[in-house]
Amino acid sequence: MGLLFLLAFAALLGGCGGGSRKPAGGSELSQPGSGQATPAERKSWAGKEPAPAIPTGVTWFNVDQPLTLAALKGKAVLLDFWTLGCINCQHIIPDLKRLEAEFGDALVVIGVHSGKYSTEHDDESIREAVRRFGLQHPVLNDPDFDVWRTYGATAWPTLVLIDPAGNLVGGHAGEGVYPLFQPILASLVEEFDAKGLVDRSPIPVSLDATTTATLLSYPGKVLADEDGGRLFIADSGHNRILVAGLNGVLSVAIGSGKEGFADGPAAEASFRQPQGLALSEDGRTLYVADTRNHAVRKVDLNTNEVTTIAGTGKQLDRLPGVGAKAKETAMASPWDVVQDVARLYITMAGIHQIWVMDLTTGTVEVFAGTSREGIDDGDRRRQATLAQPSGIATDGRYLYWVDPESSAARRVSLTGDGEVETIVGTGLFDYGNEDGRGKKAKLQHPQGIAAADGIIYIGDTYNHEVRAINAATFEVTTVAGTGSRGWSDGPGQIALFDEPGGLGVARGIVYIADTNNHLVRTFDVASGRVSTLTLSNLLVASGATPGRPLQVTLPAQSVAPGATNLRVTVTSPAGYHLNSQAPSRLALSSSNAAVVELGEKVLQWSSDEIEVTVPVPVLLAEGTATLSGAASVYYCRTGAEALCFIQQIELTLPVTVTPSSAQSEIQLSYLLPESVG
């Protein structure tokens, strides 16, 4: 096999690193010319060499059966080699979705997940990433790098294109996917279409996304306000910010819940997977790293009005100069923010830098990092290299942050032209789970950090732990978590998390965004115990009901005509109960009102019981009709009331009304699912 990958990404937009293997020589993908060539002059992008078969015995996601390239003949196939923690891999997802929308069933994108970290080899980690990123194309787990080696990939992301005849076209490593592949795909589809060799039949996709949504969805960050007694939660998967008391009582939701980039009042403004949060010194302004919008937003906490203060909504293609106007400067996945006096520090994960915004002048510039990915210490602007900086915090003297891609914790002085110093971490491919002093300790892809009372707390994401660094001695200890994923409260040494992210500290409590458990957890520093924060006043969070509805067709029923009832019964599974804090709702409709006339069309109930039954008066006449119901039902796990869920259902019930039936009422019954993840 021969492929020569065009390493077209500049240092500015470098990939997430790769192995030492070099691809074999062969054809090279490059940007097609912009001139208008005649058909006779137009270059054929058809390959000459058959693509290697995809190895068997791997786990697939979003499809019921493994796919083979032989079965995909007639379609262009784009292999996307990625790893879930890589920011550059995340950057190209919109490009992939755009190509899928444009070429439809003539193109099949296959995600090949060749994980960098050991945790990223787990099926469950990949399944969660597929859900979190909204991937709707087939994905396979390549933990042993078999497919990676077969196709000569060298970096994340790497794209390989296969033509409809099953032959290799070429490849590309890095970003800039849509403008490179769109014209090549258009040419391939046109060429093979002319020969009648394009297959546009859909492949059987079976999405792995859950049909039951949690009250929080992949919360990325939390911010604890000790003076104001408030907790701010970046409910990233629901594209909003929730504000609660430190006791979990919700007070307001900021953001409509729909993905978008719009300023305005809390209910109308929109975010796109926001992450980091910072609070002004007077407690009146909340700053938000709106990661997927490549922007920084602010929220006036008196009015809850949202305003964009930095970023254009587009990903950058050049670095800012000194004193650039923040609102006119494009950004690259700002991940977290922290304020010190009139300066807002921003971890620019997508460009491996830290930027600083002057809140007085509205200008922004690079504070640390050359933009090259690495773990070099030294002069913060000219020498230091960072690796996808994520969480950031300050103790008033230093800025502390974590670099997930080097599994490192680092710091730099807030004043002067100080040097970046690595506390924990030794290399881009060095990681582990060890306590110890300084660089003798090991982390694995940490994403959260908070500073309090001389301790730097770390959300050690892929180790599923909370770690603590003594700011004076650099001694690293594990304070909560076992190294295994799961959910369990109790003493820190036996508590379980699932990819904890952002942290906040207030009143001796560390608040933890337990991302894949869709929860906020707490660690009591004095007692060493972990608890799950129970959110209450859930009406605040019930405005958005994200997730794909579960479509259920109930068995057809025959019923006698006359004035009677439609009896609606919703039952929670064993070990669960309904939740009265947010009203459940069912909207009913009849396809034929002359046969089934509904006396009520919207039902609401609030109950903490196991089951609820609501009678609806109906008038039945001979004939057939279909009843439809769209419901949002809230329920919780008994004994673990913080684990609450939203089930969206679209119910269909065929009904025949006939005098020969002995049944006098219509029964519409539904048992909520026990398996929700």
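Note: hydrogens, waters and symmetry copies are ignored here, and every other heavy atom, side chains too, is used.
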Student: Does S390 form a side chain to side chain contact (heavy atoms under 4.5 Å, CB included) with K221? I'd like the steps, not just the answer.
Tutor: CA-CA 10 Å; S390 180; K221 302 289 181 182; 3.5 Å; yes
Student: Regarding W401 and D403, do their side chains bring together a donor and an acceptor under 3.5 Å, going by distance alone?
Tutor: yes
Student: Hey, could you give me the CD1/CG distance between I203 and D105, rounded to the nearest 0.5 Å?
Tutor: 8.0 Å
Student: So, are E128 and R485 salt-bridged, with charged N and O less than 4.0 Å apart?
Tutor: no
Student: Whether the side chain of D514 engages the backbone of D498 through a donor-acceptor N/O pair (distance < 3.5 Å, no angle test) should be reported.
Tutor: yes
Student: Pair Q90, R132 - check side chain to side chain contact (heavy atoms under 4.5 Å, CB included), show working.
Tutor: CA-CA 11 Å; Q90 297 168 30; R132 189 185 317 170; over 6 Å; no
Student: So do the side chains of V177 and L99 get within less than 4.5 Å of each other, counting heavy atoms only?
Tutor: yes
Student: Before we go on, tell me: are the rings of H238 and H518 under 6.0 Å apart, centre to centre?
Tutor: no
Student: Roughly how far, to the nearest 0.5 Å, is NE2 of H121 from CG of N141?
Tutor: 8.0 Å
Student: To the closest 0.5 Å, what do you measure between CD1 (I309) and NZ (K298)?
Tutor: 6.5 Å
Student: Please state whether the rings of F645 and Y635 are parallel, tilted or perpendicular, taking 30° and 60° as the class boundaries.
Tutor: tilted
Student: Is a side-chain N or O of N239 found less than 3.5 angstrom from the main chain of Q273, in a donor-acceptor match?
Tutor: yes
